[in-house]
Structure formats: C-alpha cells, structure tokens
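Structure first, commentary second.
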Amino acid sequence: MLDIKIVRERADFVKERLATRGAGDERAIDEILALDEVRRARLGEAERLKAQRNAASKEIGALMAQKKAAEAEARKAEVRSIGDRIAVLDREAAEVEGKREQLMLQIPNLPDASVAVGKSAEDNPVIRTWGRAAAVEFTPKSHVELCESLRLVDFARGAKLSGSGFLLYTGWGARLERALIQFMLDLHTREHGFTEVSPPFLVSEHCMVGVGQFPKFRDQAYAAREGLDDSSLGKLFLVPTAEAPVANIHREEILPESQLPIRYVAYSPCFRAEAGAAGVGTRGMIRVHQFDKVELIKIVKPEDGYAELEAMVGNAERILQMLGLHYRVIGLCTGDMGFASAKTYDIELWAPGQGSWLEVSSCSNCEDFQARRMNLRYKDAEGHNRFPHILNGSGTALARLFVTLLETHQQADGSVLIPEPLRPYLGTDRLVPPTP
RNA sequence: GGAGAGGUGGCUGAGUGGUUUAAGGCGCACGCCUGGAAAGCGUGAGUGGGCUAAUACCCCACCGGGGGUUCGAAUCCCCCCCUCUCCGCCA
C-alpha cells in the first residue's frame, strides 16, 4: 500500500509514476483524495466534540460526588445530544475511511526511478547474458520426449489424478526434483547467508493481502474449505508462492534494528489456479497448476534495499551457473512489473528443446509497499518506527528448471548428463533410458 | 468435536461504572550520588490518528477484535478470534 501522506502531498508525482504502468490506476487518485478530505473533516469535528464530552462527563462525576443530582441530570441531558452527533460523525468517517482503504489496496506500487518505462515484455531491457547455447550436433528433443523416454514424468497419469496442469514425477524424475530442491536450499543456507524456514502451505487472507495478492488477484488462488462447511471457505488459501507465508512471518511486529537484515529461504509447492489464463492445458511442464519453488525473502533497512536486490539476483544466478545453464537477466519495464514491486529482475533460461527462453526467477524489491500492508516495522537507531523494504526472489522455480536442465544436458544417445554439483544429491552422473 | 481456564503496556501483575492521567514490581534510558560500580534517589519512556514546518505543544482513540448499554466502560451485555489444560478423533 502506498503512503497516504505521499498521495496527499505529492499527488502529481504519484499519478505520473502510476501512469507509467499503463493500467490507468492513476485515475483512482483523485477519488481517494476526495474521500481522504471528507474523512479528516468528519474526524476533526468528532474529536472536538469528544473533547467536550470528556470534560462534561468529568464534571458530571464531580457533581454526583457532591450529591448535586439535579444539576448532574441537567448536564447529562445536554451531553446526550453531543453523543448523538458524535455517533453520526464517527459512522461517516469510518465509512469514508473504509472506501478509501479499499481503493488504496487496489493501487499498485510506484515503479522505482531506475526502472525502464515501457508497455510490455517487449520493452524489457536485457541486463546481461551468461553462457551460450550449446553447439548443435543433433536436433535437441523437447523435455516432453525426454521425460517420456527416461520415464521421469508420467503426464497421462498426472492428469488422471488431478486433471491437466498437474504432474506425476516418477523414479529418477521424482528424485531429480528432490535433488534440485535440496541442492538449492543447501547453497542458499550454507553460502548465501539465508535461514531456512518451512512454512504452512495454507495461509489466511491476511497473508494474501499483506503481500499484495489480494484483493486484486483473488480469482487466481485456490481457496480451501473445511469438510462440507461452506462458511469456512475463504479462510485458508493454497500458497501461490512461499512469499505469502514467509514475508508475513513478522507481520504486525516492531523489530529491533539489530535483527536486520533478515534473510529467509523456503521450499514450497506453489498452487496457481490461473483462472482464465491461456496456456494451461498445453502439453508439458511449462505452465502448470502446481510446481515446486525455492523462494528467497529479505527484510532489510530501506537504505540497503537495492543493494540487497542485486545480491539476491546474484544468489539465484549462482544456482544456474553451477548447473551449467545458459541464461539472461532482464529488467522488467514499468508496464510489465508485478503489482507489489518497485523494481524487478527476471532470469530466463534458454531451453534448447523449446527454442525459447523460460522464466525461472523473478526478484523484486517491493520497498515498503508490503510492509505497510502487513504493518511490519522496525525501530531505528533514533527510536523511530520505520517500514523496512521487503524483497522476494525465486531461487529458483522448479518445473522450468527441470525442463531446461534436461534439454540443455541431453546427449545424442538420448541420455542426460548431470552437472557435477548435483551428482551427490541425485546419486548418479547420468540419466539413461531404461532398458525395455 | 466436547469440557474448562485465560487474553491488561517490553515483562510481571492489580483493577467489577467516575481523582485510572491504567497502581505496584521487574527490566530499560538518562541524570544525581561514586575513584569506578552496586545500592539508593530523581526523571523519562507505548501505538495509531488529527493539527502542524516539526519526530515541539495540544486534541482524539487504543486494556485480543467488533458491536451494544451509559453523560461516562479495562470494568456491564452480545458476537467473534486466539492461547492453554483435559477428553475424543487422528498422521
């Protein structure tokens, strides 16, 4: 959520920044300001009347103590009408404030000044590229063929269990998935200074609002229900990313400055309903309803936010480098950035079998946008409470990493060579087709 | 799911309608005292909102959350949430 004071005092700047996203959010600002104006007017009058009433009530107490009942009764009648007026003003102020909050929750974050202005993914600048596509000596197979010939994923039975968009990993495939998760968790905890946490995979609405998933993207989530009790529907949601629980760990807390920076890494499955989205239902593992991900979360002092973002991208890149994968880092332009983010880098892997780049990581600094929503603060050296920057990044997403690993390291004979750092985790240096 | 107990400031712990401006204690910060410390004494310190140039005054609200009664609610009434204990069910 934006700071209402910034909206009030620098409305033109806020509108200009929002306009760069190209979604028309700036149009709601004037309405927010009008509601804010009314709220403060009602509140001001109500508070003046409350001060009057407080003083009068004290006098009534004193009169009662002096047994001056008649005088006390007279004062009571007088104060009663003030109370009625206060009730009306309070109700109006609360109503207007509620409307203002609803609108504020729908406003996305302001892009940082360093973010390229653009309309869509086509305007995203490529920041750097690592490695290169392997020299082609044979026609690379797609991961679907490889998964089937190596018996890593049973697409048909996955769909039989849960419908399209769900995967059944089998044998070495299941083992490879687990090995990748553990490899990434170990690297981030041992070498990158992250603390591992294992969060709930169902979270409350509060958590979803806190990170900015709700209320705007409510239709994208899977909602859980307890048994047949319809009234419980909407209390818990399957996590779309570990960001939802992990970024909220310290919600509504005031952290001592000495505790920052906080760096968490968590594995979780991610559930995406993707209602109405194109692509689910296409063959393969590129776009699915459930995938695994190792997520990085940082809670840092504002002055450290952008240095920590660069470091986080580096942490994710390190995974890909160690696995010998060809990737590029792109900066999302204003029109392509997520709702809560002020600045985002995506990392895309080259998938030879697809002949395309696949996004496996998105690292964002949300600045204090989420911290405001979840009321997370820290006490600085001067004793003032401040909102920290909250960052999130995939380190990395699994299904597409799995795809790219297979397609990149496939050999002419149909086997897949396992990169050296992964071998101790997987327990083999090569995946070979099973003998019939 | 059943029964019971509870939720008050950083912690502890009083408070069942009006000098509570939330007592007392512990802890914290600063000062006095001291050669230095401890003890002792003194002072200060919460969160949000409004008004502001102000993180200065002043005002309003906040005792798990939300309603209600009242001139006045931590206190009385209603609803909800959470925690703990025991029982049941369960991996």
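Below, read A as the first sequence line, B as the second, and so on, with proteins coming before strands; counting in each chain starts at 1.
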Next item on the list: Whole angstrom is fine here: how far is it from CD in A/Glu9 over to C1' in B/rU52?
Entry: 11 Å
Margin query: Taking the P atom in each of B/rG25 and B/rG44, what is the distance between them to the nearest angstrom?
Written below: 15 Å
Check: Is the gap between the ring centers of A/Phe237 and A/Tyr222 under 6.0 Å?
Finding: no
Checklist line | Residues which pass side chain to side chain donor-acceptor pair (under 3.5 Å) with A/Glu26, listed by chain and number, not counting sequence neighbours | finding: none
Notebook entry, point to check: Could you write nucleotides 67-79 of chain B as a row of B, S and -, 5' to 3', where a protein heavy atom under 4.0 Å of any base atom gives B, of only sugar-phosphate atoms gives S, and otherwise -?
Noted result: ----BS-------
Next item on the list: With C1' as the reference atom in both, quote the distance from B/rU8 to B/rA74 in angstrom, rounded to an integer.
Entry: 7 Å
Check: Side chains of A/Glu407 and A/Ser142: does their closest heavy-atom pair fall under 4.5 Å?
Finding: yes
Next item on the list: Provide the distance between the two C1' atoms, one in B/rC59 and one in B/rC51, to the nearest whole Å.
Entry: 8 Å
Notebook entry, point to check: For RNA chain B, what is the dot-bracket line, given that a base pair needs Watson-Crick (N1 to N3, plus N6-O4 or O6-N4) or G-U wobble (N1-O2 and O6-N3) geometry with both distances under 3.5 Å, and | means paired with another strand?
Noted result: ((((((((.[[[..)..(.....]]].(((((.......))))).(((((.......))))).[[[[[..)....]]]]])))))))....
Notebook entry, point to check: Does A/Arg430 CZ have over 12 foreign heavy atoms under 6.0 Å away?
Noted result: yes
Note to self: Checking A/Lys15 now: which residues fulfil side chain to side chain donor-acceptor pair (under 3.5 Å) with it, not counting sequence neighbours?
What the structure shows: A/Asp30
Next item on the list: Could you work out the separation of B/rC62 and B/rU21 based on their C1' atoms and round it to a whole Å?
Entry: 15 Å
Next item on the list: Write down the distance between CE (A/Met374) and C1' (B/rU47), rounded to a whole number of angstrom.
Entry: 19 Å
Checklist line | P gap between B/rU52 and B/rA37, integer Å | finding: 47 Å
Item checked: B/rG64 versus B/rC84 - spacing of their C1' atoms, nearest Å -> 15 Å
Next item on the list: Would you please say whether a donor-acceptor pair under 3.5 Å links the side chains of A/Gln52 and A/Glu47?
Entry: no
Check: Any chance the side chains of A/His389 and A/Glu367 put a donor and an acceptor closer than 3.5 Å?
Finding: no
Check: Would you say A/Pro388 and A/Leu376 make side-chain contact, with heavy atoms under 4.5 Å?
Finding: yes
Item checked: For atom CD of A/Glu252 and atom P of B/rG65, their distance in whole Å -> 11 Å
Note to self: Tell me the interatomic distance from A/Asn375, atom CG, to B/rU47, atom P, rounded to whole angstroms.
What the structure shows: 12 Å
Note to self: Taking B/rC77 as the reference, what is the distance to B/rU16 when you measure between their C1' atoms (whole Å, please)?
What the structure shows: 13 Å
Item checked: Touch class at under 4.0 angstrom, heavy-atom based, for A/Lys379 against every strand present -> sugar-phosphate
Next item on the list: For side-chain hydrogen bond (donor to acceptor under 3.5 Å, both in side chains), just list the numbers for A/Asn365 and A/Lys343, CA-CA rounded to whole Å, side-chain angles, deciding distance to a tenth of an Å, and then say yes or no.
Entry: CA-CA 6 Å; A/Asn365 183 3; A/Lys343 181 168 187 169; over 6 Å; no
Note to self: Going by side-chain contact (heavy atoms from CB on, under 4.5 Å), name the residues that satisfy it together with A/Pro215, two or more places apart in sequence or in a different chain.
What the structure shows: A/Leu105, A/Gln106, A/Arg373
Notebook entry, point to check: Tell me: CZ of A/Arg40 to C1' of B/rC59, nearest whole Å?
Noted result: 16 Å
Margin query: Heavy atoms within less than 4.0 Å of RNA chain B: which residues of residues 42-50 of chain A have one? Give them sorted by number.
Written below: A/Leu43, A/Glu47, A/Lys50
Item checked: Over 12 non-hydrogen atoms of neighbours within 6.0 angstrom of CD in A/Glu37 -> no
Notebook entry, point to check: Quick one: does A/Lys76's side chain get under 4.5 Å of A/Ile60's, heavy atoms only?
Noted result: yes
Item checked: Euclidean distance for C1', B/rG46 against B/rA29 (whole angstrom) -> 14 Å
Checklist line | Residue met sooner reading RNA chain B from 5', once A/Gln52 and A/Asn385 are mapped to nucleotides | finding: A/Asn385
Check: In whole Å, what is the span from the CD atom of A/Glu97 to the P atom of B/rC60?
Finding: 19 Å
Check: Hey, are A/Thr241 and A/Lys293 close enough side-chain-wise for a donor-acceptor pair under 3.5 Å?
Finding: yes
Checklist line | 5′-ward residue of the pair A/Ile254/A/Arg8 relative to RNA chain B | finding: A/Ile254
Next item on the list: Send over the distance from A/Ile86 CD1 to B/rC59 P, rounded to a whole Å.
Entry: 16 Å
Next item on the list: Send over the distance from A/Arg377 CZ to B/rG10 P, rounded to a whole Å.
Entry: 11 Å
